[in-house]
Amino acid sequence: MLDPRLVRQNPDHVVAQLTRRGLAVDVDALHQRARQVQTLAERRTRLQAEGKRISRQVGQQFRLLMTEQDKHPVSFEEQPESPTDQEPQGNVESRRLPGDVDQKMEDIRALAEALEEKGRTIKTKVAALEEEEKALQAELRQELLRLPNLPSPRCPDGRSEVDNVELRRWGEPRSVPAALEHWQLAETLGLFESERSARIARSRFVTLLGPGARLERALIQFMLDLHVSRGYMEVLPPVLVNTASLTGSGQLPKFAEESFRCAEDDLWLSPTAEVPLTGLHRDEILSATDLPRRYVAYSPCFRREAGSYGRDTRGLIRLHQFNKVELYWFCHPDASEAAHEQLTADAEAVLQALELPYRVVELCTADLGFSACRTYDLEVWLSGAGAYREISSCSNCSDFQARRSSIRMKEGKHNRLLHTLNGSGLAVGRTMAALLEWYQQPDGSVAIPQALQRYMGCDVITPPSDPK
RNA sequence: GGAGAGGUGGCCGAGUGGUCGAAGGCGCAGCACUGGAAAUGCUGUAUAGGGGCAACUCUAUCGAGGGUUCGAAUCCCUCCCUCUCCGCCA
């Protein structure tokens, strides 16, 4: 979420930055509303202060009354409360009180009643103002929640993905003669089942089999071990997450159609471990001294992939359920740019260890994700397809998710929103696809890269000797 | 799912419907004492929002949301969460 104060005080800046993303937003209306909320709040606060003063005065009157009562107990005989209290103290003489004492107590009571009446009036006024303010506030928040993060000044401007900037390449793509795509290889090697998976669930699900299942598990464990050795804390989070968590990380309210939902329970299938990891410290204040906090989480991810019906229908590239190892940082706001480079390097380390060629692309303003202010994509070389394909997206979300999730850090006396970053490290299915295509051999087998062999328990996957 | 107990500041733990944002303790920070430290003493220690150059000040917050009241941590209702026991279950 954007800072409401920024919208109130510098709407032009907000407009300019959202325009860089190619968004035309009516910030004027938003700005008006933000100021309106503030005006209402000021009026309400002043009234509340007065009401509070009055309540205290009523209390004072009651105390006065009680001290008078203690001095002249019997004069209150006509009052219904606790007659037994007064009985022992009552005596005939004090029944005839001097008129001025009676009068004094009458005055106190009258004053108290007048104050009470005043309090009632204020109460109804405050309630009315509060209602109006709450409604406006809620509208404002809903609108703010639908606005994406502002791009970093360093994020390159662009109108579409063609304006993304290639930063560097690692490894040499080689053209393999008669290269097969991974789903073709998988078929002869018996690594997974697509059609039967549609029977179990529906299309865009996969069931991994034999060495395929083993390879997926090996990759997950390999990635986790690698990142843990580089200083990450391993996390295995819930994959059902509530609405607050999805709102906190930016998936809701705008992208509800992208996630599967268990409507009866206010739970959703998490589209990425970024969601539970953001939620891990929701409503917390971390100490600045133990930042950065770096987490690595394996989780299955669930996405509806609405509107991608024709694309990537075969194989492991685009599924409703896939596995991902996610890197996540909570860090000091001044350190997030360096953290972004480090996190990206950590994701790259996986591809380097597996010796798979890739390139790093910086997304332009038009291609930036909702929560990100800056993003590097890793694109791995798919030999079979003969193209680079996204396998990781490493984003700096600045304070955007932290504000939505209220995650702060204590620095000296002050609390300040921290920064969050996330990146795939890596998408496991796509890694398997790249690996199969890159390491395919003329005899139809697939070599296992060295780093993975101890996880895989072999150095090659060969076609079954007796197919079917 | 059933029965019971409970949710108060960083932590422990008081709290009578009326200056209670909340005693006391621990922890933490500063100062004093010390050659240095421990111990001790003093002072200060929540968050959010608004106003003010500032000292400061106003409002809200005692699990959450409603209600009663001039006034709620305190009374009433609903929900959530934690703990114990039973049932079920990997």
Side-chain angles (χ1 to χ4, degrees), chain A residues 1-10 31 33-70 80-82 85 107-141 144 236 238-245 247-248 262-267 276 279-291 293 300 399 402-418:
Chain A
M1 194 165 70
L2 302 181
D3 188 351
R5 199 182 287 150
L6 185 69
V7 173
R8 213 164 56 218
Q9 293 172 354
N10 198 351
H31 177 234
R33 181 150 296 155
R35 300 192 54 154
Q36 224 175 331
V37 167
Q38 201 189 349
T39 313
L40 276 173
E42 274 170 28
R43 276 171 58 196
R44 194 209 68 226
T45 298
R46 256 182 274 129
L47 263 179
Q48 274 175 329
E50 198 186 334
K52 211 168 161 177
R53 251 194 324 273
I54 287 169
S55 295
R56 284 198 193 124
Q57 285 170 15
V58 174
Q60 277 169 13
Q61 296 310 311
F62 276 128
R63 273 192 298 274
L64 259 177
L65 211 53
M66 268 156 70
T67 52
E68 287 299 320
Q69 193 172 354
D70 285 348
E81 64 234 29
S82 55
D85 270 357
D107 288 351
I108 294 174
R109 245 176 279 160
L111 181 54
E113 259 164 51
L115 286 168
E116 280 176 27
E117 182 54 36
K118 219 167 159 186
R120 272 189 284 271
T121 316
I122 288 176
K123 187 163 81 162
T124 54
K125 276 192 199 161
V126 167
L129 277 176
E130 224 165 28
E131 201 181 333
E132 198 183 342
E133 184 190 338
K134 252 190 193 169
L136 270 177
Q137 181 98 56
E139 276 176 52
L140 180 67
R141 181 175 164 80
L144 281 175
L236 194 63
V239 292
L240 287 185
V241 296
N242 58 32
T243 300
S245 297
T247 306
C262 316
E264 285 174 20
D265 297 292
D266 181 35
L267 287 171
L280 189 60
H281 290 303
R282 180 148 51 87
D283 293 323
E284 285 190 37
I285 301 170
L286 305 176
S287 164
T289 53
D290 57 44
L291 293 178
R293 295 229 192 176
D399 62 7
R403 183 171 297 103
R404 287 172 160 248
S405 301
S406 183
I407 309 170
R408 290 162 296 170
M409 51 150 214
K410 194 172 215 47
E411 188 181 37
K413 250 184 110 65
H414 288 286
N415 294 334
R416 194 173 158 194
L417 291 171
L418 46 72

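Keep in mind the model is a prediction, meaning the values are calculated, not measured.
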Worksheet entry | 5' priority, RNA chain B, between A:G119 and A:R56 [closest heavy atom] | A:R56
Worksheet item: What does B:rG1 pair with, Watson-Crick or G-U, if both distances are under 3.5 Å?
Response: B:rC86
Practice prompt. Indicate, with a heavy-atom threshold strictly under 4.0 Å, whether A:R46 touches base, sugar-phosphate, or nothing.
Written response: nothing
Worksheet entry | B:rU43: pairing nucleotide in any strand, Watson-Crick or G-U under 3.5 angstrom | B:rA29
Item to complete: Would you indicate what A:K118 reaches in the nucleic acid, counting non-hydrogen atoms under 4.0 angstrom: base, sugar-phosphate, or nothing?
Response: nothing
Fill in: Enclosure of A:R43 CZ (heavy-atom neighbours >12, cutoff 6.0 Å)
no
Worksheet item: For atom NZ of A:K410, is the number of surrounding heavy atoms from other residues, nucleotides or ligands below 6.0 Å larger than 12?
Response: yes
Worksheet item: Can you tell me how far P in B:rC28 sits from the matching atom in B:rA38, rounded to whole Å?
Response: 11 Å
Worksheet item: Using a heavy-atom cut-off of 4.0 Å to chain A, what are the terminal contacting nucleotides of RNA chain B, in 5' to 3' order?
Response: B:rG18 to B:rG71
Worksheet item: So what does A:K125 hit on the nucleic acid, given a heavy-atom distance under 4.0 Å: a base, only sugar-phosphate, or nothing?
Response: nothing
Worksheet item: Got a sec: does the CZ of A:R35 have more than 12 other heavy atoms crowding it under 6.0 Å?
Response: no
Discussion item. In whole Å, measure the gap between the C1' atoms of B:rC31 and B:rA73 for me.
Written reply: 35 Å
Discussion item. With rounding to the closest Å, how many angstrom separate the P atoms on B:rU19 and B:rU74?
Written reply: 14 Å
Fill in: B:rG87 versus B:rU8 - spacing of their C1' atoms, nearest Å
34 Å
Fill in: P gap between B:rG51 and B:rG9, integer Å
29 Å
Item to complete: Give A:R408 one of three labels, base, sugar-phosphate or nothing, depending on what nucleic acid heavy atoms sit under 4.0 Å from its own.
Response: sugar-phosphate
Item to complete: With P as the reference atom in both, quote the distance from B:rC62 to B:rA22 in angstrom, rounded to an integer.
Response: 14 Å
Fill in: Upstream residue (5' side of RNA chain B) when A:R53 and A:E42 are each assigned their closest nucleotide
A:E42
Discussion item. If I pick the C1' atom on B:rC20 and the same atom on B:rA60, what distance separates them, to the nearest angstrom?
Written reply: 15 Å
Discussion item. In whole Å, measure the gap between the C1' atoms of B:rA48 and B:rG6 for me.
Written reply: 28 Å
Practice prompt. May I ask you to say what A:E117 touches in the nucleic acid, namely base, sugar-phosphate or nothing, with a heavy-atom cut-off under 4.0 Å?
Written response: nothing
Worksheet item: Hey, does A:A41 reach any base, or is it just sugar-phosphate, or nothing, if we go heavy atoms under 4.0 Å?
Response: nothing
